[in-house]
S.K.: 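Structure provided below as structure tokens; questions to follow.
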Amino acid sequence: MMSEPQSTHPSSAELRLTALNALHRELGAKLVPFAGYEMPLQYAAGIVKEHNHVRAAAGLFDVSHMGQARLEAPDFEAAARAVETLAPADILSLKPGRIRYTQLVNEQGGVIDDLMVTRTADGKGLSLIVNASRQEIDFAHIRAGLPAGIALTPQPERALLALQGPEAVAVLSRLIPGVERLCFMEHGVFHVKSEALFISRSGYTGEDGFEISVPTASAESLARQLLAEPEVLPIGLGARDTLRLEAGLPLYGQDMDEATSPVEAGLAFSIGKRRREQGGFPGAARIIAELSEGPARLRVGLKLEGRAAARTHMKVADTSGNIVGEVTSGAFTPTAAASVAMAYVPPALAEPGTQLAVEIRGVAQPARTVPMPFVPHNYARRA
Amino acid sequence: MSQVKYTKDHEYIAVDGDTGTVGITDNAQHKLGDITFVEMPVVGRELKKGESAGVVESVKAASDVYTPVSGTVTEFNPALEDKPELVNEDAESAGWFFKIKIADASELAGLMDRDEYLAYAKEEDE
């Protein structure tokens, strides 16, 4: 027997703490180092119960480690054009209060990070949310690419909570009436006790839900209010990972990195039509070529026959035993009730139903490619 | 009344005559969290003390299970194939992994008794 699981980041004496750290401890969280922060892996209920609770009711996640920032620009168009020089999404067409998912890409067309870009409700500016593990790299990269007159302002004074699950809308609208009018990927500013909360209908679980940016000083009291509602349990990073895996959502650093293009990662949907035609983003030559000719490899979903989990870096083989790819994420997940994984394989083997195998501890375990998500999304899309 | 011994790797062996029933301790299942899969040794396999006999997987990680003594596998727990969560529910009884015909009973002397194990596990947690 080995010791308990640890995150990939080594323990450090100088872990950063979120505004909810004391609350996590009070709630009995198992805290682990993650992306330089001390974060809850799970609470007393455990990963499977937490996962199932999010799918059935509502769960509260502390995602304050993620990097929040504003772009200060003379007007929206200047801000949007600046982001479009760094990312392949169509930002200019973003309407006030709408959110777009995109990636920062390098000159080789590789993904530096994936992020959410929000046009503020007043229409004037843009705000960004990036991955915790990449925020310093991202912010330096963005600053280096911004023209004069546009500035990036990180917002460490704000915490970020996510409330996810089919009951999230009932819970949050009870405390903050009006949030129910937001649809998936929409954003609004809500005032509670004279404080501005930036609320988005978005998340990383495949469920309906919200992400709430709140001043750090008020984060704990808001979290306590949410946890006092009967539908809500606190949820750790362990369940966050199984939920996002079932939802088919890639994790930066695991399912893609600076060598992976957005097309390889299955993110072509996020590249705007105008951008495909006009280019004008880093790595456009590769990305546009891959869009028309197909990439060398593609991120696919795998479902294994047995219960053994396919883990990161395990090899994927074809039916003749040739190594054709590698697993990037995998687990036996509660809602799929199966061993599922994301892997990169050549496009010829990406067709759903293709018979493959994952080498687990020296044994080729049968698997087949399946469409993602593994569990249907349950988003509150605009009708 | 069988005698139960423990390893530093958090396995137990319940000895009844020349046969031992092996599994992971309640303390170990608690640390691993939700168990999703158990890979057990095939019947007839000969194992040397300390050798990896199988694997236990939780949502987050896979861990080896080492045999506390040398011997021959005589049986594995078929219930775990479809219900690995039995290890979480009842690690030291219904959640046993495999039975082994003990080759050399003197190996048992090097293992911990229950009080020693509980003290060891407590110390390890601190």
Side-chain angles (χ1 to χ4, degrees), chain A residues 1-8 28-30 32 34 40-53 235-246 254 304-314 327 329-340 358 360-363 365, chain B residues 6-13 22-42 50-68 78-89 91-92 95 97 112 117 120-121 124-125:
Chain A
M1 280 281 310
M2 268 171 18
S3 59
E4 62 205 277
Q6 290 293 332
S7 88
T8 50
K30 184 187 278 186
V32 295
F34 182 83
L41 176 67
Q42 62 172 82
Y43 299 86
I47 294 172
V48 171
K49 284 203 179 77
E50 291 173 24
H51 175 113
N52 289 333
H53 193 82
I235 312 294
L237 291 177
R240 183 170 159 83
D241 195 49
T242 52
L243 289 159
R244 71 91 195 165
L245 174 60
E246 287 183 346
Q254 199 163 306
L304 286 85
E305 279 179 19
R307 293 183 66 109
R311 309 281 183 184
T312 308
H313 301 313
M314 285 182 175
V327 171
S329 289
F332 186 95
T333 66
T335 309
S339 173
V340 297
V358 179
I360 303 179
R361 296 181 287 276
V363 179
Q365 300 286 353
Chain B
Y6 300 84
T7 72
K8 289 188 172 179
D9 296 314
H10 305 279
E11 291 93 7
Y12 67 84
I13 179 166
V22 178
I24 66 169
T25 65
D26 186 60
N27 172 68
Q29 71 74 19
H30 189 73
K31 280 192 178 165
L32 284 170
D34 299 298
I35 289 171
T36 55
F37 175 66
V38 177
E39 189 177 283
M40 287 167 291
V42 293
E51 188 179 346
S52 173
V55 171
V56 55
E57 290 198 25
S58 69
V59 174
K60 295 299 287 179
S63 307
D64 282 306
V65 177
Y66 303 103
T67 179
L80 296 187
E81 290 185 292
D82 292 326
K83 281 202 73 176
E85 60 270 25
L86 275 178
V87 180
N88 292 118
E89 291 162 10
E92 298 189 29
F97 284 22
M112 291 178 277
Y117 172 72
Y120 165 79
E124 206 185 45
D125 283 346

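Below, each value reflects all heavy atoms present in this structure, side chains not excepted, and no hydrogens, waters or symmetry copies. Within every chain, numbering begins at 1; the chains are lettered A, B, ... in the order of the sequence lines, protein sequences first and strands thereafter.
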S.K.: For B:V59, which of A:D241, A:I47, A:T333 qualifies under side chain to side chain contact (heavy atoms under 4.5 Å, CB included)?
M.R.: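 When side chain to side chain contact (heavy atoms under 4.5 Å, CB included) is applied between B:V59 and each of A:D241, A:I47, A:T333, only A:I47 qualifies.
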S.K.: I would like to know whether B:E57 and A:R311 meet side chain to side chain contact (heavy atoms under 4.5 Å, CB included); could you show each step before the answer?
M.R.: CA-CA 11 Å; B:E57 290 198 25; A:R311 309 281 183 184; 3.0 Å; yes
S.K.: With only heavy atoms counted, which part of B:E124 is less than 4.5 Å from chain A, the side chain, the backbone, both or neither?
M.R.: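 It is neither, since no heavy atom gets under 4.5 Å.
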S.K.: Among A:G330, A:A308, A:A309, which has the most heavy-atom pairs under 4.5 Å with chain B?
M.R.: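 Looking at each of A:G330, A:A308, A:A309 in turn, A:A308 comes out on top.
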S.K.: Of the non-hydrogen atoms in B:T36 and A:R307, which two are nearest, and what is the gap between them?
M.R.: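 Where B:T36 meets A:R307 most closely, the heavy atoms are O-NE, 2.8 Å.
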S.K.: Check each atom of B:V55 against the heavy atoms of chain A and say whether the ones under 4.5 Å are side chain, backbone, both or neither.
M.R.: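 It is the side chain, since no backbone atom gets that close.
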S.K.: Heavy-atom distances under 4.5 Å only: say whether B:N88 touches chain A with side chain, backbone, both or neither.
M.R.: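 For B:N88, there is no contact with chain A at all, as no heavy atom is under 4.5 Å.
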S.K.: Got a second to check how far B:K60's NZ is from A:L41's CG, nearest 0.5 Å?
M.R.: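 Output value for this atom pair is 6.5 Å.
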S.K.: Roughly how far, to the nearest 0.5 Å, is the CZ atom of B:F37 from the CG atom of A:L304?
M.R.: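 With rounding to 0.5 Å, CG (A:L304) is 10.5 Å from CZ (B:F37).
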S.K.: Do A:H51 and B:D34 come within less than 4.5 Å of each other through their side chains, counting heavy atoms only?
M.R.: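 When only atoms from C-beta onward are counted, B:D34 and A:H51 do not touch, as no gap falls below 4.5 Å.
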